[in-house]
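Here is the naming used below: chain letters follow the sequence lines, and residue numbers restart at 1 for every chain.
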Amino acid sequence: MTSASAVDPAALARLFRSLYRIRRVEEEVARVYPSDKIRSPVHLSIGQEAVAVGVCDALRGDDVVFGTYRSHAMYLAKGGDLRAMIAELYGRQTGCAKGKGGSMHLVDVAHGVMGTSAVVGTTIPNAVGYAYALKYRRSDRVVASFFGDGATDEGVWHESLGFAALKRLPIVFVCENNLYAIHTHQLRRQHTGDIVTRARSHGLPAERIDGNDILAIRARIAETVAALRAGQPGPFFFECMTYRWREHVGPGEDFALGYRTRDEADPWVRGDQVTRLGGMLPPDERRRIEGEVEAEIAEAFAFAEASPFPSPDQLWTDVYGTR
Amino acid sequence: MTSASAVDPAALARLFRSLYRIRRVEEEVARVYPSDKIRSPVHLSIGQEAVAVGVCDALRGDDVVFGTYRSHAMYLAKGGDLRAMIAELYGRQTGCAKGKGGSMHLVDVAHGVMGTSAVVGTTIPNAVGYAYALKYRRSDRVVASFFGDGATDEGVWHESLGFAALKRLPIVFVCENNLYAIHTHQLRRQHTGDIVTRARSHGLPAERIDGNDILAIRARIAETVAALRAGQPGPFFFECMTYRWREHVGPGEDFALGYRTRDEADPWVRGDQVTRLGGMLPPDERRRIEGEVEAEIAEAFAFAEASPFPSPDQLWTDVYGTR
Amino acid sequence: MAPAEATRTLAFVEAVREAQDLEMERDSSVILFGLDVDDPKAILGTTRGLVDKYGPERVFGTPLAEDAMTGAAVGMAYAGLRPIHVHIRMDFVLLAMNQLVNMAAKSRYMFGGQLSVPMVVRSMIGKSWGQGAQHSQSLYSYFMHVPGLKVVTPTTPYDAKGTLIAAIRDDDPVLYVEHRILHSQKGPVPEGSYTVPPGKARITAPGRHVTIVGVSYMQVEALRAHEYLREVDIDAEVIDPIWVSPLDTDTILDSARRTGHLLVVDNAWTTCGASSEIVARVVERLRPDERVRVRRMGFAETTCPPSPTLEDQFYPNGRTIAAAAYELVRGPGKPWMPVEREDVNAVSFRGPF
Amino acid sequence: MAPAEATRTLAFVEAVREAQDLEMERDSSVILFGLDVDDPKAILGTTRGLVDKYGPERVFGTPLAEDAMTGAAVGMAYAGLRPIHVHIRMDFVLLAMNQLVNMAAKSRYMFGGQLSVPMVVRSMIGKSWGQGAQHSQSLYSYFMHVPGLKVVTPTTPYDAKGTLIAAIRDDDPVLYVEHRILHSQKGPVPEGSYTVPPGKARITAPGRHVTIVGVSYMQVEALRAHEYLREVDIDAEVIDPIWVSPLDTDTILDSARRTGHLLVVDNAWTTCGASSEIVARVVERLRPDERVRVRRMGFAETTCPPSPTLEDQFYPNGRTIAAAAYELVRGPGKPWMPVEREDVNAVSFRGPF
Ligand SMILES: Cc1ncc(C[n+]2csc(CCOP(=O)(O)OP(=O)(O)O)c2C)c(N)n1
Ligand SMILES: Cc1ncc(C[n+]2csc(CCOP(=O)(O)OP(=O)(O)O)c2C)c(N)n1
Ligand SMILES: [Mg+2]
Ligand SMILES: [Mg+2]
């Protein structure tokens, strides 16, 4: 694990706040869920937050990210508006997509969250296209494309990497490898689990970051992004090993299903990055951050509950731009 | 180049006959083409015959092959009926697809030619599925899947290799790398031209065979097929370097277009395998074979010309099996 | 094959499972695969127990590779197997269009009858609980459009089993379309094998004043509309096409001729959908002296919104269908909308996904 | 924008090229890519010279990767570019359905208006010279089916240019569908920019007895039918919808009301195609006292055969359309089929491919 001394205290506090906030938001989603107030399938990132937070902390506000249906963490880590996210889960007019997206289609363009999709692999080429536009416009902004190990099964993953490499695009591919696609282990879908070698075969640098280590992730992404901004050609690929603690979709645990064991989960839970970074902070700073976050979350849920549902005429807006 | 002494005379004669026959059939297609008797786009293999002949000579009659719109060579090499092929190009009732396929959809199930497609990459997963069925049925038959370098750009190529590797299927992938997809060089489509490494990244053995060398191709495929029949798990991948002498589609040359030069073609033309193997045969044996082939070809074209066009009611047959 | 008598009640999910089980028992060429068919949730239970019974070579989960796995199914079918390929959402079939339209549909024809493609593609239409834009589409009109394919949209457990057995035995590629809300519906299902063969619709409620064709889940809502319409003395005939390709135009046309009014309610967008096809076929075949007033209903011409207030308007339901039928029969200008009734209730859905 | 007067005659291919050239000159956000757009054949000449003029960053060939390149176009559009993505056959678009239907069509809606997708997908329908099963499909009904997309099928050089400029400037994804046989057609095309905006059909030949709607290449055949029908004193009104989504139902409905007969001829299969949609919309909107006799024509409900004798029957043509219109107007029982005339000739095609 990257040593704490390498990280300045302000950054540590920022990372902890972000990790803790995402964890607590999702725990709150899970707590509220049985009330049926959130009528939307939820894919929680609990246990996986370190990847999104580590990557996004290394990005600038005007950099952009693309993700999946499991993007609560990415959305929040990149600066997506919390109230608008909760309102979206509640299906309210004030949601980030006005109640027309739901949990699987979070978006916040002002903060660089460029959309997420329920169809696996689908935003990877979108991210590549965005990076093409940045390069064409001689921008120094960069793109991060998030996806799971499952997405690397798909042909479009290869096509996207191939084109990004061919055009040397300013994009960082981030594979959140949590070992499973729903209930199916990676090695039951891929003869070799070596995603990095497959990425590399398209002609781009690729590396694996073990241990769900937020500091290591942040450090490597920061170096990479700096290189890209300095004009070094992309793309870059990172496989970040991580682990989903909860069920694939829904608020609960799923060890009872039998497709994986608590033993497998244990080391990941012991290596929890929220706990780790919390432990690295002075206790009262930690308490202060936690208090602020709790208040913010409570306010966001209250905001969502108090928000109106979309009015019926909203069904018909946003279908077309030019009429 | 594999030395001739390694090959027995009967095999040499067989290989020469097959090479010469394909070359002459296609030259005849090109000669007839301006008469508009063949009203079908033709993608000639002239210059590339060694791959199909080398591979198919190593297969058994009941093994099967899958190919592309550029499959005259594969079809004939595998034993596809010549008269039925020419009749198909002529759009006649006696064609291998009764005039409903055309040059891009050659088929001869009795001889293991399982179909060819005009959409790049499309038969690769079909071949994989066939191999799955063979394995499921505990058959010792094998599948060869032919495709161009262009097909390796497509996502489905990766998905197909991945699944074949995962299930250890009895299939040999044969990439006929002629450096171009239509007029676009491989290196303008792929950041690295190293197809073999990409294949290998899916967990299957992969190798490149240089020089369009029919004896080398035949020897390696024969070893591989023997291993598969002996129960060694597949799949295997071969990239066979070759070169298309004529235009992408149509009967003529295309050096005037400027996307490639005669200089690039020259070494391939000098290394022509028809000439090479012809030179390895006793002159009168060669003359005898050539004479027989010429007669067969003349007869096949006459057969096609004399065959009737499909009757109007044929439009409606073969749409559905069960009504 | 004549169905045995139904002595039991089964859920739709169970009927699907049983159809596969019976066919796999009967014919070793039937194999079953798709993402997650062998996982603990067993595709909502529709594949429960099959991997244990038939082993992992005949029943297997796949990589996320819809295009190649569809192509593999085509190749298996060439080789004489009868693959069943499962997608937990019909929306994912968009990744498999090339193989379905360019290869599965065309192989028999373009290879002059030398090859055939006896495969079944099972896929599920989602609805409700905020599944939204990409988990709610019913793309069956795409497959109706293309000669060489067959399409079935069963709505009862009885038909779920009988059409699936027919589909598996069929020598052509069949798209078998399940609706998630129907999965929990229960109904009488005979034991043993029987088929509900392609090309025959069923009159599910006879009537005199208006013909309502309800496709897929909209069959349930059409039957609800039938109940509501009794309140205003309109006697609706309800038809379930069961197979939308080949489509039983005769039964629908005959009914429309009798009632003079045809309302087609599809579980899909209307534009270039099954509803436009049914309407067009009927009016095209009317004799010069015949008249039928027609109307289509389907998804709102918008993307599917997850928010409940919007989603309610996105779909037709028993009440809005009844209102439309009323207007068709009684003419515009005197609108009527039934009051929601407990006894004609909507099914609600809150997962699993 | 009002079109300048047409002082020149251009081929369809040239009109397409010019539209792109003008828009690229005007707006640096317009970029053009697709397999072979930068090769010596320049997509039948429609991209000739553009790579030299605008450079390889704005005009580039791609890998064979239809799915990812379509996704890339969506991402470019998110970033404010206006990509034009070219496919030399519409059949290949089947590999891009997921991105077009699940992302391009839905982004604006499912992201609550935060993103838009101003992209154009050009694709070409093949015909003749034995191209057969997989190089002849017209899949535009797939895109008509889905809200959020627009679809245009221009048939003249004038419209080719004006609709392409409109499509490029449109803030929504537009499928721009070219027919290979139309590529060589010549016609008056104004210099400079003008648009032929979405949603407006054109009456291409006024008439009183029957309305013939001809979509895509079938517009040419419909105009031929119009000529043949004069022989039997039937005065056909011919309509070109130009944009099939949004579809100008009003113009067609108005004409059909006047003539009392509607024949829709599509360059596609009829089932769930544009022809069923047009028929359904018209009959749905008729008042109770109105009558229109309708008929659809399109591809035979088979796979497209390459053999010339079969292909002739696969497609409607001027004579068969005239015969169908005759029957619609004069009633069944007295069939008429015009004798082929030199002056109403078919275009023939022998490549390039
Ligand atoms: C193209 C496609 N196929 C199948 C599915 C069904 N599905 C939903 S999530 C999922 C697993 C994806 O796994 P991974 O990419 O590893 O992401 P994770 O859920 O582990 O974060 C699958 C198969 C889908 N949404 N899209
Ligand atoms: C999916 C798809 N995209 C594009 C095309 C157009 N196209 C026809 S042949 C061809 C080149 C394929 O090159 P390669 O696979 O190397 O085969 P070769 O022609 O060199 O034998 C292309 C791009 C197609 N037929 N299918
Ligand atoms: Mg995963
Ligand atoms: Mg090639």
Study note, to complete from the structure: Taking a cut-off of under 4.5 angstrom between non-hydrogen atoms, the residues of residues 161-180 of chain A near chain B are A/Ala165, A/Leu166, A/Arg168
Review point. So which part of B/Leu187 gets closer than 4.5 Å to some heavy atom of chain A, the side chain, the backbone, both or neither?
Key: backbone
**Study point:** Toward chain B: residues of residues 144-155 of chain A with heavy atoms under 4.5 Å
**Key:** A/Asp153, A/Glu154, A/Gly155
Point to revise | Separation between CZ of B/Arg198 and CZ of A/Arg200, rounded to the nearest 0.5 Å | key: 14.5 Å
Review point. Should the ring pair B/His158 and A/His202 be called parallel, tilted or perpendicular, given that the plane angle runs from 0 to 90° and is split at 30 and 60?
Key: tilted
Exercise for review: Among the options B/Thr192, B/Thr197, B/Val156, pick out the one with the most heavy-atom pairs lying under 4.5 Å from chain A.
Suggested key: B/Thr192
